[in-house]
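Structure first, then comments.
Atom set for the values below is all heavy atoms of this structure, side chains included, hydrogens, waters and symmetry mates excluded.
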Amino acid sequence: PYFSIQYPSMSIRHVYMDDQIKAISTYSGIFLNDTLRKGFPPYSNGHFVKVNDRYFLCTDELYEVVSDDSVTWIKSGQNIFAGFSRKLLEWKGKVYSLNNNSINELQENYNLFPIHKGFDYSDLEVFDSLLVFSTYEGKLFS
């Protein structure tokens with residue numbers, strides 16, 4: 001029930017663990033199962049997530065993890081209007097994306113369909129039966 005993760009001089013941005021993988025996202029690289037992955041982006045400031053039995057990495061851009069040493073860049077996962085990719089979340093059979101300038105439905109072809117915009121968004125969560133998102137200004141929406 002207790003663990004310690006130490007990566008001296010690295011800013012840990014997110015920790016993800018399940019029975020298959022341990023992912024530590026840092027500003028200095030991505031560690032999978034305690035190994036720095038060379039085929040991954042050089043940093044991350046978003047979440048490593050599992051959605052629909054597939055792994056994704058949100059840096060500023062969006063990547064799908066295809067193996068322990070390889071990712072595929074999803075070009076449509078961020079843009080000038082949506083902002084940078086920060087997190088994906090599955091809710092009621094759909095996938096939603098937290099980008100810093102918008103909250104979006106991530107459609108099957110990975111296009112972003114905005115459902116809320118106009119703020120600097122900080123988090124996206126499911127709370128009870130609601131999709132809840134917050135802003136750095138302290139506003140909360142559902």
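Cluster membership check: L140 shares its hydrophobic cluster with F127, using side-chain heavy-atom separations under 4.5 Å among Ile, Leu, Val, Met, Phe, Trp and Tyr. A single hydrophobic cluster is seen to contain both F141 and V126, as judged by linkage of ILVMFWY side chains at heavy-atom distances under 4.5 Å, directly or through other members. The hydrophobic clustering, which links ILVMFWY residues whose side-chain heavy atoms are closer than 4.5 Å, places F133 and W91 together. Note on Y63 and L88: separate hydrophobic clusters, where clusters join Ile, Leu, Val, Met, Phe, Trp and Tyr whose side-chain heavy atoms are under 4.5 Å apart, directly or indirectly. Y121 is not connected to F84 by any chain of hydrophobic side-chain contacts under 4.5 Å among Ile, Leu, Val, Met, Phe, Trp and Tyr, and they are in different clusters.
For the atom pair CZ of R13 and OG of S25, the computed distance is 10.0 Å after rounding to the nearest 0.5 Å. Distance check, rounded to the nearest 0.5 Å: CZ of F113 to CG of L106 gives 13.0 Å. Annotation: the span from Q78 atom CD to N104 atom CG amounts to 11.5 Å, rounded to 0.5 Å.
Looking at K87 and E125, their side chains come closer than 4.5 Å, going by heavy atoms from C-beta outward. Using a 4.5 Å heavy-atom threshold, the side chains of V49 and L89 count as separate. Proximity of N99 to L62: side-chain heavy atoms (C-beta onward) are nowhere separated by under 4.5 Å. Side-chain contact check for L98 versus I103: some heavy-atom pair is nearer than 4.5 Å. When side chains are defined from C-beta on, S97 counts as touching L112, because their heavy atoms get closer than 4.5 Å.
Judged as a side chain to side chain donor-acceptor pair (under 3.5 Å), the pairs with a partner in residues 127-142 (not counting sequence neighbours) are, in order, S122-S134. Screening residues 97-111 for salt bridge (charged side-chain N to carboxylate O under 4.0 Å, His left out) gives K94-E105 as the qualifying pairs, with residues at least two apart or on separate chains.
Residues satisfying the salt bridge (Lys or Arg N to Asp or Glu O under 4.0 Å) criterion with D69, sequence neighbours excluded, are R37. For the side chain to side chain donor-acceptor pair (under 3.5 Å) test, no residue two or more places apart in sequence or in another chain qualifies with N79. Remark: Y16 pairs with H14, D18, I21, A23, F48, K50, Y55 by the side-chain contact (heavy atoms from CB on, under 4.5 Å) rule, at least two apart or across chains. Under the side-chain contact (heavy atoms from CB on, under 4.5 Å) criterion, E90 pairs with V51, N52, sequence neighbours left out. Taking the salt bridge (Lys or Arg N to Asp or Glu O under 4.0 Å) definition, one finds that K117 meets it with nothing, sequence neighbours left out. With sequence neighbours excluded, the residues forming a salt bridge (Lys or Arg N to Asp or Glu O under 4.0 Å) with D34 are K22, listed by chain and number. With sequence neighbours left out, the side-chain contact (heavy atoms from CB on, under 4.5 Å) criterion links V15 to I5, I12, M17, I24. The side-chain contact (heavy atoms from CB on, under 4.5 Å) check on L36 picks up F31, K38, with sequence neighbours excluded. When the salt bridge (Lys or Arg N to Asp or Glu O under 4.0 Å) test is applied to D120, no partner is found at least two apart in sequence or on another chain.
Atom OH of Y27 has more than 12 heavy atoms from other residues, nucleotides or ligands within 6.0 Å.
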Throw together a table of side-chain donor-acceptor distances under 3.5 angstrom for residues 70-77, partners on residues two or more places apart or in other chains.
residue: W73; atom: NE1; partner: E61; partner atom: OE1; Å: 3.4
residue: S76; atom: OG; partner: Y110; partner atom: O; Å: 2.6

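The minimum heavy-atom distance between P41 and L57, with the atom names listed, is CD-CD2, 3.8 Å.
Checked by atom type and distance alone, the side chain of T26 pairs as donor or acceptor with a backbone atom of S28 at under 3.5 Å.
Between H116 and F119, the ring planes lie parallel to each other; the angle is under 30°, not in the 30° to 60° tilted range.
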